A.B. asks: 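Before anything else, here's the structure in question.
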Amino acid sequence: MFDIGAAELLVIIIVAVLVIGPKDMPHAMRTAGRWIGKVRKVSTHFRTGIDAMVREAELEDMEKKWKAQNEAIMKRSAASAESANGEPVMTGPPPATETPQSVSAESAAPKAASDAVEDVQPEPAPGAAKPKD
């Protein structure tokens, strides 16, 4: 980053002590340290964001290359299988067929249990009087 040698650093320290004074020097050093820490944090965050964007772009490029290679391999293998068998070979995903939606056991069980409770009527105790309708 900056190429500061020992001699330049010594000159900076001497000028800082003369300008700021020895009394306020610790406070000035703390303030400078905080600012340097903030700058480093922001630069690290920025660098991480740039690296993530580059990685995503590289992944997208690799996925495109893999997809193209996969399609080429599938076409070659389909052509060789077709020439060997004499029948056309499906190279893409199977055609979508509509399947009836089935009721899952979990959703059917609570309904059946509640229906059973509603349909069942308590039997009168033996020897008890029957209710009049």
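Treat the numbers as computed from the prediction; the structure is a model and nothing was measured. The analysis underlying the following values was restricted to heavy atoms, covering all of them including side chains, and did not include hydrogens, waters or symmetry mates.
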A.B. asks: Once rounded to the nearest 0.5 Å, what's the spacing between atom CE of M25 and atom CG of L18?
C.D. replies: 9.5 Å

A.B. asks: Do I13 and V11 sit in the same hydrophobic cluster, where Ile, Leu, Val, Met, Phe, Trp and Tyr count as joined when their side-chain heavy atoms come under 4.5 Å apart?
C.D. replies: no

A.B. asks: Answer yes or no: is there a side-chain heavy-atom contact under 4.5 Å between W66 and N70?
C.D. replies: no

A.B. asks: So V42 and K38, do their side chains get closer than 4.5 Å, heavy atoms only?
C.D. replies: no

A.B. asks: Please tabulate, for the side chains in residues 43-61, all donor-acceptor contacts under 3.5 angstrom to protein atoms that are two or more places apart in sequence or on a different chain.
C.D. replies:
| from | atom 1 | to | atom 2 | distance (Å) |
| --- | --- | --- | --- | --- |
| S43 | OG | V39 | O | 3.2 |
| S43 | OG | R40 | O | 2.9 |
| T44 | OG1 | R40 | O | 2.8 |
| T48 | OG1 | T44 | O | 2.7 |

A.B. asks: Do M29 and I20 land in one hydrophobic cluster if side-chain heavy atoms of ILVMFWY residues count as linked below 4.5 Å?
C.D. replies: yes

A.B. asks: If I compare all heavy atoms of S77 with all of S80, which pair ends up nearest, and what's the gap?
C.D. replies: O-OG, 2.9 Å

